[in-house]
Structure formats: C-alpha cells, structure tokens
Enquirer: 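Below are the structure tokens for one structure; questions will follow.
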Number of protein chains: 2
Amino acid sequence: MSTQHRFVDGYLLYLLARASSVASAEFHDQVRASGVSVAVWRVLASLKGTDGLTIGELASRCLANQPAISKTVDKLVGQQLLTRTTDPDDRRRAWVALTPQGEARVDELIARAQEHQDRLIAAIGIEEIDTLRTALTRLIDRAPAKK
Amino acid sequence: MSTQHRFVDGYLLYLLARASSVASAEFHDQVRASGVSVAVWRVLASLKGTDGLTIGELASRCLANQPAISKTVDKLVGQQLLTRTTDPDDRRRAWVALTPQGEARVDELIARAQEHQDRLIAAIGIEEIDTLRTALTRLIDRAPAKK
DNA sequence: GTTCAAAATATTCCTTTTCATATAATAATG
DNA sequence: CATTATTATATGAAAAGGAATATTTTGAAC
C-alpha cells in the first residue's frame, strides 16, 4: 500500500545537485580529457573578462574555499597561465589575472563549453532552459547569503 | 560601450552549480556541525527507504565515484551505521544497508533537512519551487546519460 | 601613535578523493 | 567446458580538499 516514499526523491537540494552533476558530466569529461581539472577550469573561466580578481573573490566565484584557491593559483602561476600581484594600496590583497597563455587556454575551453551548451539547449529546448535560468537566478538571489 | 560580457554570467552549468552550492550551504553547515560530512550524509540519506543498495548504485545516487563510496562505506560499517553483505547469488555484488543506529542517525538528519527545505520554500515561494523542480527533473531526464 | 580588532591570504596537518589498476566473480563464445 | 570478455568491487599511490590556525596588513578606538 505504501507509495515507496524515499526522502531524497523529492528533496530539492538533491535535485539541484543531481541536475548540476548530470548536466555537467559530459562537458567535465571533455575538460579533464584536455588535461585540465574542473577546479582549474573554473578558475580560468571565472577570470575571463575581468581585469583580475582577488583570491577571495575568486574562491567565492569558483564555489571553493580560500585555501584551495590559493593552492590552485600557485600551481597555475607556476604554469604561467596566471599572474599574482600584491595590491600596492592594500598589501594583504593579491590580484590574480590571466596571462596571454592563460587567455588562449581558457578561450579554447570556453568555445567548447559554448558548443556543449548549445547542444544541451538543442536537446532540452530553449523555453525550458529559459524557465530554468530564471528560476535558478531567483533561487541564487533569494537563498540565505553565506555567512 | 561594451556591456561587460563575462562568459560565466550566462553559462547554464555555472548557474546550476552555483544554485546548488548557494542553496545547500546553510544546511551543509548544519550537517557538518552535527559531526557528519556531506558525503556521509548523502550515503545515509540515499539508503533511507531502501532495503539496501549495491556499492555501484550508491555511488551513482551519491554523485560520487565507486572507490570513494567503497571507502566511506567501510568507515560507516566500522561505526556500525551500515552493514555490508555479499550477494549470495552474485558474489561480486555487495549490498549496503542501514543498521538501526544508522536509521536513527539519518532520521534526525532528514528531519533537519525537511525543516531547512520548508524554510527555503517559505523564502522562495512554493510556485517558484515547483517550477524549479519540474525544470530540474526534465533536465535530469533528458541530459545525455553518463557513459 | 599604541593597542586592539578585523580582514586577506598563507600554511599546516589531516582526511578524502581520484586515477589507474588489481582482483574476483559471472557471462558469453566457440 | 575451457577461454575470453565483462561486470562489480577493492586497493594503492598520488593529488586535492578542508578545518583550523598563523601571518601580515589595515583600520578603529582611545
């Protein structure tokens, strides 16, 4: 008689995590296949179109914590994809920016991301995607702010 | 003149990851504060309401990979929250299930998750949440299947 | 201008994850 | 039924991530 009620089935946070995971899986495989971790991809992509971000801003945008980003940035500076510059006006701050090589690298990845997104939109339908975008944006804006 | 076009701003996979992260942050803090990692919470929650799952099924539902789940399950068996039983009909398979203690533990967490979700729904609005649920479910169903 | 609090990043230590592969069991094929 | 392929899980070494804290710098209060 009982209608197999499993908690996770209707749980919104699970739906969100699962949707993100499922939708990203294919592209993330491509990213890794091109020799870049998802974490690194996020760092590079977040910097594209900016004049540089601080470590803290970058961590926030990459959905990662600060020590993780500090370490990733170190590595990428070592690979000459990023520069790190101490802010002269506030020497606590470190500005991180793409090098020309970093730009080149991220441009390739963004092109693939765009293609992937185009395929996803084609598969799902643009109205559906727009509905989703709107709902996600509202959720992000209204969810309790971190800290 | 240029309308600051940053790639990530409109990128669907980023919206999904960010929404998931933002919406989950508060509850995940609660989970960790109660002495359980998010990974463990997912394992326990996934098992609730089942008669047991195989390692592989569990990994898939927890959005994790198989070795990670094998190890997490080991740990939880050690803590007597789970049992692991070899399938007699296919001795490759291992069935994982909650112990009574595991049930008790996950029941508490589920109660808190439910409360959190209720607050989230109150903050966002039920129609908006339903729209989101529908859109996420469709995305999950239609996105390219893993492998 | 000292002293104290707050902010940004770095560092350390430890846990977890990941990648590749090994092992074991079953299924399929000739 | 012996051989090969496939499937499910385990294992091990390396990388990444996380929590707590240290360090450095700035800002505030008096």
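Letters A, B, ... are given to chains in the order of the sequence lines, protein chains preceding strands, and every chain is numbered from 1.
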Enquirer: When all nucleic acid strands are considered with a 4.0 Å heavy-atom cut-off, which category describes A/Ala64: base, sugar-phosphate, or nothing?
Expert: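 It contacts nothing in the nucleic acid.
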Enquirer: Could you tell me the separation between the CD1 atom of A/Ile55 and the C1' atom of C/dT11, rounded to a whole number of Å?
Expert: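 For the pair A/Ile55 CD1 and C/dT11 C1', the rounded distance is 14 Å.
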Enquirer: Throw together a table of side-chain donor-acceptor distances under 3.5 angstrom for residues 14-24 of chain B, partners on residues two or more places apart or in other chains.
Expert:
residue	atom	partner	partner atom	Å
B/Tyr14	OH	A/Arg61	O	2.8
B/Tyr14	OH	B/Arg18	NH1	3.2
B/Arg18	NH1	A/Ser60	O	3.3
B/Ser24	OG	B/Ser20	O	2.7

Enquirer: Calculate the interatomic distance between A/Arg92 atom CZ and C/dA5 atom P; express it in whole Å.
Expert: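 Computing the A/Arg92:CZ to C/dA5:P distance gives 16 Å.
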Enquirer: Is there a donor-acceptor pair closer than 3.5 Å between any side-chain N or O of A/Arg84 and the backbone N or O of A/Ile55?
Expert: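 Judged by distance alone, no pair lies under 3.5 Å.
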Enquirer: Distance check needed: C/dT17 C1' versus B/Leu63 CG, whole Å only.
Expert: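 Taking CG of B/Leu63 and C1' of C/dT17, I get 15 Å after rounding.
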Enquirer: Hey, does the side chain of A/Ser70 come within less than 4.0 Å of C/dT9's phosphate (OP1/OP2), counting only N and O?
Expert: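 Looking at the OP1 and OP2 atoms of C/dT9, neither is under 4.0 Å from any side-chain N or O of A/Ser70.
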Enquirer: Please state how far atom CG in A/Asn65 lies from atom C1' in C/dT16, giving the value in whole angstrom units.
Expert: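 Nearest whole value for this atom pair: 13 Å.
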Enquirer: Quick test of your reading of the model: are A/Asp141 and A/Arg138 salt-bridged, counting only N-O distances below 4.0 Å?
Expert: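 No, this pair does not count.
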Enquirer: Can you tell me the distance, in whole Å, between the CZ atom of A/Arg91 and the C1' atom of D/dG27?
Expert: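 In whole Å, D/dG27 C1' and A/Arg91 CZ are 16 Å from each other.
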Enquirer: Side chain of B/Ala68 only, please: which of C/dT9, C/dA7, C/dT18 is the nearest?
Expert: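 It is C/dT18.
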Enquirer: Using whole Å, what does the distance between atom P of nucleotide C/dT16 and atom CH2 of B/Trp41 come to?
Expert: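 So the two atoms are 18 Å apart, to the nearest Å.
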Enquirer: Is a side-chain N or O of A/Thr99 found less than 3.5 angstrom from the main chain of A/Leu81, in a donor-acceptor match?
Expert: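 Between the backbone of A/Leu81 and the side chain of A/Thr99 there is a qualifying donor-acceptor contact (under 3.5 Å).
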Enquirer: Quick check: do A/Leu98 and A/Leu82 have side-chain heavy atoms less than 4.5 Å from each other?
Expert: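 Of all side-chain heavy-atom pairs linking A/Leu82 with A/Leu98, at least one is under 4.5 Å.
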Enquirer: For the side chain of B/Gln66 and the base of D/dA10, is some donor closer than 3.5 Å to an acceptor across the two?
Expert: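 Answer yes: a donor N or O sits under 3.5 Å from an acceptor.
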Enquirer: Using a heavy-atom cut-off of 4.0 Å across all strands, would you classify A/Ser37 as base, sugar-phosphate, or nothing?
Expert: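 No contact.
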Enquirer: Side chain of A/Ala94: nearest nucleotide among C/dT9, D/dT26, D/dT9?
Expert: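 Selected nucleotide: C/dT9.
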Enquirer: Can you tell me how far C1' of C/dT26 sits from CZ of B/Arg93, to the nearest Å?
Expert: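 For the pair B/Arg93 CZ and C/dT26 C1', the rounded distance is 10 Å.
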Enquirer: For DNA chain C, which residues in residues 71-90 of chain A have a heavy atom at a distance below 4.0 Å?
Expert: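 Close to the strand are A/Lys71, A/Arg84.
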Enquirer: To the nearest angstrom, how far is B/Arg32 atom CZ from C/dT15 atom C1'?
Expert: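 So the CZ-C1' distance, B/Arg32 to C/dT15, works out to 14 Å.
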Enquirer: Please check: side-chain N/O of B/Gln117 versus main-chain N/O of A/Tyr11, any donor-acceptor pairing under 3.5 Å?
Expert: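 Flag not set: sc B/Gln117 to bb A/Tyr11 has no pair under 3.5 Å.
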